[in-house]
Structure formats: structure tokens, C-alpha cells
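We use all heavy atoms of the structure for the numbers below, so side chains are in, but hydrogens, waters and symmetry mates are not.
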Amino acid sequence: MATENMKLPGGPMSGLVSSAVEYMVDAGQRSVLFLDIMRQRGDQYRDHVAQTAPHVLQYAAELITDGRTLDEPVNYALVRIIPPKDVEIDMTRRPFVVIDPRAGHGPGIGGFKADSEIGVAMRAGHPCYFIGFLPEPVPGQTIERIARAEAKFIETVISRHPDADGKPCVIGNCQAGWALMILASLRPELFGPLVIAGAPLAYWAGVHGQYPMRYSGGLLGGSWLTALTSDLGAGKFDGAWLVQNFENQNPSNTLWTKQYNVYSKVDTEAERYLDFERWWGGHVNLNAEEIQFIVDELFIGNNLAAGRIEMSDGQKVDLRNIRSPIVVFCSKGDNVTPPQQALDWILDCYADVDEIRAYGQTIVYTVHESIGHLGIFVSGGVAKKEHAEFSSNIDLIDVLPPGLYEATFEARNDDTLNADLAVGQWVMRCEARTLDDIRAMGGNSPEDERRFAAAKRVSELNLAAYQKFMRPWVKGMVTPQLAEWARNIHPLRMQYEAFSSKNPWMATIKSAADRVEDNRKPVSQDNPFLAFQEQMSKQIVHALDSWRDAQEALSETIFLNVYGSPVLQAALGIDPNSAPSRRREMSAEHQAMLAKRIAELKSHIGEGGLREAALRALLYVGSARGMVDERSVEALRQVRLDHAGPRKTLAEFKMLVREQFFMLLLDRDATLAAIPKLLPDDMNQRRAAFTAMREVLSASADITGERARRLKQVAELFGLEANVAPFDPKADPRARAS
């Protein structure tokens, strides 16, 4: 019977043969097209690195300041982003400045696509600037010199927007995030809100079984290898090694998925793949002094949050000096900068939320459930949601009372209350949090802290030994020409060069690809061999992921056991029974300043007018909910715009909010009791202010429970009934409270 079926046209065997032929034709064509895409990638790489200032910005830009012309030259530059014709910029809105990471790749990823950090900020009406860099560092350039240059760039942006409603909002991606935090602690007066996306700030932090990159320094014996690599580069560190570290974190993607995705979708995936590879392959160099600072002070030393970094003029970097609101983006799916490394600096700097407030600090964080490291500042989905919401509501962040908040997002739909007050497709709210919410994400035990302290000490000893005994020999053997040759044969560069048109065999591939495109015959989606191909791909990914997991588990076990040895710790001068804590106490100077400020605020509780009374009442009632919703802030903004009298600037309004908030915090009963003394005699004005407050409070939710009780209390202080009739502000605009 089986033999008969083989002979029948259209039988099972005939269908299988037909499917096999169809699949083989398609697979052969895809292979040719895939190789041609690799050729295009190689040619694109060669063209990109040949440029003087290569970048991947989608937008046109105007050079404002070339860092090479500064008194202390650097290879950084400030450019103004020229908005597309269909984007209208409001020059009175605060400017946005995006700083990209110099972590092995070239600049531009923050403006890589229309749905990017720059794109969403411009669509929200903000002028935009970008700080990028050239592939080669200026001789003598250091991290400190770069910080001073970026300060000059920010000063230039401020001078170009004298009528802006706030200081620049600055976004620091990945490694640019910690650099921005350093600068903001040294020059806090320059900045509006800071957006720190995927940036490591607490380098030892993490949980067992995940995020093994934090063990790398200890497993390699410390930063002596960094020094050796820089010496082999004749004083320069090849950024391709940093990119290699990223790729090693996900071997299934590096070795298989990224290429297979192009091969399997060769008709549609080429443009997206080539766009990304243009950035991924644009390697840049760092001076030896720069990379050594990064590794010693940050990744192995973990000195940033601990306040142990000191500038050449003796000024110490203290993140508690930052006065601007700090917005932190992180993700549970990020194996390069996990949430613990993005957020645990808060635990190092502050004892509790009250101490955050004592420093006048506002910190907002948001944790994505799954996006990877690059997706935090590259993904269009994140840009259209988180970045778009923060860009549109940056003034909300800037006027938040000091404290710790988590930003959450709720999809806007037909059932959303007062949906017209929300911007975009999401409703953003900032919910009050405590340090226990950050601790709940997991972190280091005292035993872990001792292990990392031991690894740091081993690194210092090994580096000192290398510098004394090996460095003179290495430097004596390496010439600039030899270093350049070594950079050119780096495996990451060679993979681009090998498939470029420089390889004479690729000319044949190009001709074959042209013929294939004219006779393309894609396989049908229900072809059984295509399903088998997909299944094989999944098996390869699973095998590579399993290998990675095994390697990571082994690395963690080695690190924990070696550096957890009480004998080793004792030999390094670390007490094996100690319970180390990185948290710093508040300085006596700050305590004295705080006591003086508290006395000043208490003395001003009885001062002010209707504006102050309405605002402290609004803060009192609204705080019962434990969150701030963008709809309430938009309602408040409309109240301010409708006010016919002199209106405070955003900075003045922010100061007013903080003063009233702290008064309530210091002595709530006395602050509330003073409200009647601040009110005018005109009952219409009181009624108008109360109605405006109620509109703001009800913009995001019905007034019930504790908020309703507090509102009734405020009504009594205003000499009104809680259910006072709505007031029409247009009838007497002078009566509205700002």
C-alpha cells in the first residue's frame, strides 16, 4: 500500500518531496541573501568608521560647542537637534539634553529612531540637545575633565534658553548615567530633573543566582588586566573589549539568535538589523586613565555611593548633594544593570525616607518587568510609554514633594476618569514608597559585602604588583603601530571586515543576491521543514542558554567560596566576623544646616496668603492617598494658567510647594491651624480656592475615605461647608487661587 502511495500523484510522499524541494529552494535563496546582508553590514562598518564624527542620530544636528576647543580639551561635543518639519518646539519649555554612553560604542543611540528619547521629548514640545563624542580620546583626557566640559555644555544650553520654565532635563544612558550623577553632585545648580536610564550606581549589589557580571572583577584578579590591556594599546583602551563583555552575557543571542533572526526573516529584517549593527559595530577608544578610573573607582571599588571619590581639587563626590529630582529607569530583564545596581545607592546614602526629605531630595524610579539592558533606552515600546510619559510630565516630577516614589502606568481607555487631563495612551502616577520597597528586591548580606571588599583588596594588590614589575616591560615592547595593528585584528572588527566587499569572494555573493531577488520564491508558512527549522533553532538557543547558566553558576560558586574564605579575608585585613555597612551618617555640617532650616520654616508657618493656605490644604488632603497622579497635576496647572494675577514661575512654585510640604511635615497641627489667618475676608475668594482644590483632588479619583474627612476639615478651616456649590472661575478670575 505504501508503495502504491509513493506512485500516486499528490500522495503523502509526493507532498513531502514537494515541500522538501520548496524548502530547499527557499533556504538556498535565504542563504545567499543573508550573506549579502553580511556584506552590506561589512561595507557599512567600513564607511562608518571612516567618518570623522560617526554617529547614528536619525536627526539633523547643529554643532554648538566642540569640546576640543576648550581650555581643557576633550573629544566630546554639544549639538542642537534640529526638529523635523512636522514637530513644533515651544521655546519657553525647559530644554532636554541627552548624553549617550561611551561604553565601547559610538554616540547616537538616544536619537536612533523616531520613537526615541529625543523623539518623544521633541514631540512634547521641548528643545533638544545631544552630547556625543569622537572615536579617539584627546591625549590627557580624564573622567574629571569630561565632567567639567559637560558642565560648560549645560551652561551653554541654559544661556540659550533664558525664558525656559526650568533648568534643563538631562538624560544619562547607561555609563553616561553615573557620569551625570557625579557632575550633578558637583554642580547641582545646573540641573533640572535627571533621568538615569540603565545606569549602574551600586556596583556590588545583586542577588545570588542572577547578574553574574558583578563577579567579573574578582574572578579576573582585579583591574590589573585593565591596566595591561591599556598598556598593550599604547595608552588607549580598545572599546571593542567592552562590547565583547556585553556579548558574552548572552551567548545564544550573540552566536545564534541575532543572525538567525535575519536569516529566517531575510525579506523583512535587513533594514532593522543593519541600522542596529551600524551602532553596535562603531567601536570607540578610551584613554588608559579613563578606563582605570571606571574600573577601580566604580566597578571594583564601588566608591560612588560610598562618597569615596575625590576630584583633583579635593572636592568629594556626594550623591546627597544633588538637588534635582532623580528619575531612575531599570528592568528585571537587564542582566548588565539589574534593579539592585540601579537603586541600592539609595540604601547606601539614606537611612530612611525622612532622611531623603532632609536632603531635599526627590527620587522616582520605575522597574520594567522584562526589557533588556539596551531596550531601556533603545526600545520603541519603552520610548512610547515610559520616556514619552516622563517627557510630557517632567514638570510633575519637578514639583513633587521630596521623598521616594515609584512611577506606575495605567493604560488610558474610555473608562478612565477625566481622560482629557492625561497625555498620551497612559496615565502616569507617582506612588510613595519606602526603603523597604527597595530592600524587598533583594540585595547583599554582610557576608557578601565582605566578599566584595576582599575582591577589592586583591585587585589593589595585583594592580600594584603589575605596575611595579610588569608595566615597564610591557610599555617598552609596545609601539603605537603595534597597538593599532592589535586593535585592527580584534575578533569583533574582523567579523565585519571578513564579510565586506574588501573580501573578493563577496562580489560573487552580491551578483547571486541580485539574481535571487529577481526570482525570489519564499517557502509557505505551513511547510513542515520550516517548522523543523524553527524547532532546531529553539534547541540551539536552549543549549546555549543552558551552557551560559552553568558557566554563571560556576562563576558565582567560585567567587563566593574563594572570597568568602575567612582565611583570605583575615590575610587581607578584613574581619571575617564583621557586619560591614556602606551607609554614611549625616555630616555635622548638614545637621546644623538642617536645624537652621527647620527653625526658619517653623517661624514662617503663620506667613502667607490665600495661595499658601490653598497649597498647604491641598497637600494635606492629597497626601492621604499616598500618590500623585498626572491628571491632578494637569488640573492644578490649568488653575495656575487661569489665575489672572501675577503668576509664579515654575521654580518659584516648586519652592512654595516644598516649603508648605515641609511645614506640614514638621508641625502639621500648627500648619493647619494657621490656615484661617492666611485667608482673605472675601468669602467668594475662599469659595473659589476651595472649589479649585476640590477639582484638583477629584481629577484622578473620587474623594472618599480619609481624603473626604480631611477635605471636610479644610472646609471648616476655610469657613465653608465641604459640599460647597461649584464656583465659576470665569465669573471672577481674580478670585482663583494659583
Side-chain angles (χ1 to χ4, degrees), residues 22-58 104-109 112-113 135 238-241 243-244 246-248 250-284 374 378 484-523 530 533-534 536-537 540-541 544:
E22 180 192 40
Y23 174 79
M24 286 190 291
V25 170
D26 172 67
Q29 291 183 332
R30 276 189 285 136
S31 298
V32 172
L33 294 175
F34 172 78
L35 288 173
D36 191 56
I37 292 172
M38 294 299 103
R39 177 193 61 80
Q40 295 176 54
R41 184 185 74 151
D43 290 350
Q44 175 182 267
Y45 163 80
R46 291 174 59 81
D47 292 342
H48 188 71
V49 298
Q51 297 173 15
T52 302
H55 63 81
V56 294
L57 283 173
Q58 185 190 60
H105 309 95
I109 199 66
F112 178 55
K113 298 180 287 189
D238 186 357
W241 291 113
V243 179
Q244 184 78 66
F246 284 119
E247 295 206 334
N248 290 341
N250 194 353
S252 65
N253 182 70
T254 300
L255 300 176
W256 179 258
T257 305
K258 185 165 66 170
Q259 281 68 235
Y260 174 75
N261 192 50
V262 179
Y263 170 75
S264 63
K265 304 173 185 175
V266 73
D267 298 305
T268 60
E269 195 66 13
E271 182 178 359
R272 186 208 62 81
Y273 175 77
L274 291 172
D275 281 346
F276 180 79
E277 286 294 299
R278 186 159 58 98
W279 175 68
W280 192 250
H283 310 125
V284 300
L374 293 177
V378 174
E484 183 65 24
W485 175 81
R487 279 191 287 270
N488 289 336
I489 65 168
H490 190 284
L492 291 189
R493 291 187 176 88
M494 289 300 294
Q495 68 172 336
Y496 291 95
E497 294 280 2
F499 287 95
S500 72
S501 294
K502 186 179 179 181
N503 181 343
W505 290 100
M506 298 309 292
T508 304
I509 295 296
K510 184 179 185 307
S511 300
D514 291 339
R515 292 193 296 272
V516 166
E517 287 180 351
D518 293 336
N519 299 279
R520 182 74 175 102
K521 295 179 180 179
V523 67
L530 185 63
Q533 170 193 296
E534 290 293 326
M536 286 297 298
S537 175
I540 292 171
V541 170
L544 289 171

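Looking only at distances, no side-chain donor or acceptor of Ser500 sits under 3.5 Å from a matching main-chain atom of Arg39.
Between Leu492 and Glu247 the shortest side-chain heavy-atom distance falls below 4.5 Å. When side chains are defined from C-beta on, Gln495 does not count as touching Tyr45, because their heavy atoms never get closer than 4.5 Å. Inter-residue side-chain proximity for Gln533 and Ser264 is flagged as met; some heavy-atom pair is nearer than 4.5 Å.
Going from atom CG of Asp43 over to atom CZ of Phe499 covers 12.5 Å, rounded to the nearest 0.5 Å. In this structure, Asp36 CG and Met38 CE are separated by 9.5 Å, a value rounded to the nearest 0.5 Å.
Under the side-chain contact (heavy atoms from CB on, under 4.5 Å) criterion, Ala486 pairs with no residue, sequence neighbours left out. Residues passing the side-chain contact (heavy atoms from CB on, under 4.5 Å) test with His105, sequence neighbours excluded: Val243, Phe246, Trp279, Trp280. For Tyr260, the ring-ring contact (aromatic ring centres under 6.0 Å, His included) partners two or more places apart in sequence, or in a different chain, are Trp256. Checked against side-chain hydrogen bond (donor to acceptor under 3.5 Å, both in side chains), Arg487 has the following partners two or more places apart in sequence or in another chain: Glu484. Residues satisfying the side-chain contact (heavy atoms from CB on, under 4.5 Å) criterion with Asn253, sequence neighbours excluded, are Asn250, Thr257, Lys258. Every residue two or more places apart in sequence or in another chain was checked for a side-chain hydrogen bond (donor to acceptor under 3.5 Å, both in side chains) with Gln44, and none qualifies. Applying the side-chain hydrogen bond (donor to acceptor under 3.5 Å, both in side chains) rule to Arg41 yields the partners Tyr273, Glu277; only residues at least two apart in sequence or on another chain are considered. With sequence neighbours excluded, the residues forming a side-chain hydrogen bond (donor to acceptor under 3.5 Å, both in side chains) with Asn261 are Lys265, Glu269, listed by chain and number. Not counting sequence neighbours, the partners of Gln51 by the side-chain contact (heavy atoms from CB on, under 4.5 Å) test are His48, Pro54. Every residue two or more places apart in sequence or in another chain that forms a salt bridge (charged side-chain N to carboxylate O under 4.0 Å, His left out) with Asp267 is listed here: Arg520.
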Derivation of the side chain to side chain contact (heavy atoms under 4.5 Å, CB included) call for Lys521 and Asp26: CA-CA 6 Å; Lys521 295 179 180 179; Asp26 172 67; over 6 Å; no

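Within the structure, every pair that satisfies the salt bridge (Lys or Arg N to Asp or Glu O under 4.0 Å) test and touches residues 44-55, not counting sequence neighbours, is listed here: Arg46-Glu497.
Across every non-hydrogen atom of Gln40 and Leu274, the tightest pair is OE1-CD1, 3.6 Å. Shown here for Glu22 and Pro522, the closest heavy-atom pair between the two residues is OE2-O, 4.3 Å. Residues Ala270 and Ile37 approach most closely at CB-CD1, 3.6 Å, considering heavy atoms. Scanning all heavy atoms of the two residues, the minimum distance from Gly281 to Tyr496 falls at CA-OH, 3.4 Å.
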Show which side-chain atoms of residues 503-516 pair as donor or acceptor with protein atoms under 3.5 Å away, not counting sequence neighbours.
from   : atom 1 : to     : atom 2 : distance (Å)
Asn503 : OD1    : Trp505 : N      : 3.0
Asn503 : ND2    : Ala498 : O      : 3.0
Ser511 : OG     : Ala507 : O      : 3.3

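Electrostatic pairing of Asp275 and Arg272 does not count as a salt bridge here, judged by no charged N lying under 4.0 Å from a carboxylate O.
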